[in-house]
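The block underneath contains the structure these notes are about, expressed in structure tokens.
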Amino acid sequence: MPRRAGRRQRAVSRGGPSMTTIDPTPASPARAAGLLWEAARRHPFVLAACVIALAAEAAAGLLVPVGIGLAVDVIAGRGSVGALAGALVVLVTGAVVAGVTASASASLTVRVAEPVVAGLRESAFDSVLGADAAAVERAGSGDVVTRLTADVERLSEAASGTLTAFVSAALSIVAALFGLAVLDWRFALAGLLAVPIQAGTLRWYLRRSGPVYRHARVAESERTQLTLDAVRDSSAIRALRLERRTEASVGAASQSAIGLEAKAVRLSTRFFGRLNAAEFVGLGAICVVGFVLVGSDAVTLGAATTAALFFVRLFDPVNTVLGLFDTMQQAGASLTRLAGLIGMNEATEPARAGSHRPLHSAPAPPPVFAIPNREGHQMAALGVVIDGIAVSYPLRGEVLSGVDLHIRSGERIAVVGASGAGKTTLARLIAGLVKPSSGSIVFTDAAGLRVSSPLVTLLEQRTHVFTGTLAEDLRLVAPWATDEELGAAARAAGVPLGSGAFSEGLASHVGSGTTLTPADAQHIALARLALSRSGLVILDEASADAGSAAARRLEKAMDAVLGGRTALIVAHRLSQAVTADRVALMSDGRIVACSPHERLLVDEPDYAALWDAWRASPPVR
Ligand SMILES: Nc1ncnc2c1ncn2[C@@H]1O[C@H](COP(=O)(O)OP(=O)(O)OP(=O)(O)O)[C@@H](O)[C@H]1O
């Protein structure tokens with residue numbers, strides 16, 4: 001029976017408006033196979049040991065039919081007990097060696113397959129983390145989650161089971177064909193009668209199954225996306241009484257996924273049924289040839305028995321190889337989807353090359369939180385040299401143009417300007433989240449030397465708090481930190497340990513399901529900043545959510561944790577501009593002036609007007 005097998009200049013200059021091309025469509029089969037091979041060949045020794053064990057298993061497997069054939073001849077010819085014992089020794093030796101090598105090859109395959117699949121999942125995950133957030137949203141978080149979970153699982157199952165079964169089957173086919181031909185060429189010819197039926201069946205199946213599996217994966221992704229959306233927006237759904245409609249759309253997506261899965265099962269059942277038919281045709285032909293050859297004394301009864309058993313051994317792996325196409329189709333669909341995710345950032349590379357003026361290397365965006373270690377705990381304030389930067393958004397066009405800004409190491413710059421002037425874009429550009437269409441950014445150390453891997457931290461208005469205890473959240477940035485060090489950082493950042501949402505101190509639960517205020521979340525983000533050795537901090541309205549007293553607490557905490565680091569502060573609250581070393585005034589995507597507050601008040605009427613308006617506004621300061 002057929003078996004179902006189981007930075008930057010090296011500074012930075014980043015590529016430009018090509019971000020629109022990010023689209024994690026599945027990669028081509030060739031690209032996906034290349035990725036798989038690249039990952040697998042990192043384990044050459046285990047891979048070679050695995051192939052050797054499989055070859056030994058195939059060769060040993062032949063001894064069993066040979067032993068049975070010998071036994072048949074001994075019995076038919078009324079031979080001696082000693083001859084029968086010899087035949088049984090051959091049989092038992094074959095069975096034992098085949099069993100031992102099969103178990104060795106299975107465990108070696110897992111040792112190759114699991115790290116390979118884990119490596120692919122990590123590359124895909126890195127790619128998602130490194131991608132522009134808007135691009136991930138466009139791709140659909142449900143789709144991304146399905147690729148990182150269900151597709152990886154499918155791949156993992158197929159890689160551990162399929163690899164062993166496939167190579168084992170291929171080697172067994174070679175061994176059994178060789179054995180048949182050695183017995184008598186007519187046996188080999190009779191066995192080949194099954195081949196046209198198998199080839200036709202495979203062609204029929206491959207044409208139909210690929211699209212069905214691909215559509216099934218897409219339907220699964222849609223169901224995941226709708227479910228995630230429904231959970232995330234549950235309060236809005238309840239408030240608008242959309243429960244029925246939401247249930248109906250999740251149900252419809254689920255039905256569509258179930259229908260496609262059922263179609264896939266029907267297809268594979270028919271596939272295996274046709275393979276069984278081919279098996280009966282081939283085995284029947286071997287029996288007829290055996291009958292004729294034994295009758296004409298061309299071969300012994302034992303040899304005909306061995307030939308029939310060789311054929312079963314031949315047919316079984318052939319069915320396995322063909323049957324594996326079923327698993328391989330599914331795994332292949334999953335692999336191309338995962339490879340598409342891995343390639344989602346690479347998709348921007350061709351557009352980056354040559355499309356702008358002197359863009360140097362293309363660095364990965366810096367981590368939002370710098371993770372220090374004990375040795376590197378000393379943070380070094382960074383300088384930034386921005387020259388002739390322009391930034392465009394898809395469908396919007398250029399929003400920054402000709403921006404020059406030189407920030408000295410340890411300097412504090414406040415960025416001010418009317419709404420839409422480009423302040424956030426500038427902040428996100430320096431943080432590596434937005435790519436320039438031209439110009440360059442160079443990061444330097446205190447001595448003015450280029451820094452290739454700058455540690456930059458961006459704190460935005462919407463601060464993410466990871467679910468868990470406060471200590472766990474802070475240790476994401478500083479895994480080395482003792483409870484005392486975490487406590488000191490939290491207190492410096494104004495986290496009210498022992499009261500309110502933090503009544504349990506570092507053991508307080510934070511993140512989803514808790515009642516943290518936006519200001520609480522911002523204090524936690526500042527504590528993470530205190531623990532990081534980031535040399536450049538970008539604050540984009542980090543205190544804008546807070547009321548007046550809370551805003552003052554945040555500003556005090558911010559001063560405490562910034563220390564001697566370089567800081568760029570997008571300041572809607574002009575009190576932040578007064579304490580900055582210099583104020584960059586932006587208008588229509590350009591920096592029109594950059595001087596200390598007092599000087600700007602005198603030189604720039606627009607800034608003086610902003611300042612007067614802010615001072616005259618009601619005191620939510
Ligand atoms: N993702 C985007 N896609 C298209 N246009 C965008 C995007 N983000 C910002 N813009 C546009 O770019 C321009 C600059 O926006 P930006 O947010 O940088 O300005 P800002 O000075 O920070 O404004 P605000 O003070 O209102 O936050 C605006 O016209 C804005 O509409």
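We count ligands from 1, going down the list as the structure has it; atoms in each ligand are counted the same way. What you see is a predicted model; the values in this text were computed from it and never measured.
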task: Please confirm whether V399 comes within less than 3.5 Å of ligand 1 when only nitrogen or oxygen atoms on both sides are compared.
output: no
- request: Evaluate side-chain contact (heavy atoms from CB on, under 4.5 Å) for W611 paired with V416, printing each intermediate quantity in order.
  value: CA-CA 10 Å; W611 175 249; V416 301; over 6 Å; no
task: Look only at the side chain of S409 and the backbone of A381, and say whether a donor-acceptor pair between them is shorter than 3.5 Å.
output: yes
query: Could you state the interatomic distance from CZ (R553) to CG (L526), rounded to the nearest 0.5 Å?
result: 12.5 Å
task: Test R428 against every option in V570, L433, V391, I538 by the side chain to side chain contact (heavy atoms under 4.5 Å, CB included) rule and name the one that passes.
output: L433
Which of the ligand 1 atoms, numbered from 1, are nearer than 4.0 Å to a heavy atom of A418: 21 (O)
field: R396 neighbourhood, listing ligand 1 atoms whose heavy-atom distance to it stays under 4.0 Å
entry: 4 (C), 5 (N), 11 (C), 13 (C), 28 (C), 29 (O)
field: Min heavy-atom dist G417 to ligand 1 below 4.0 Å
entry: no
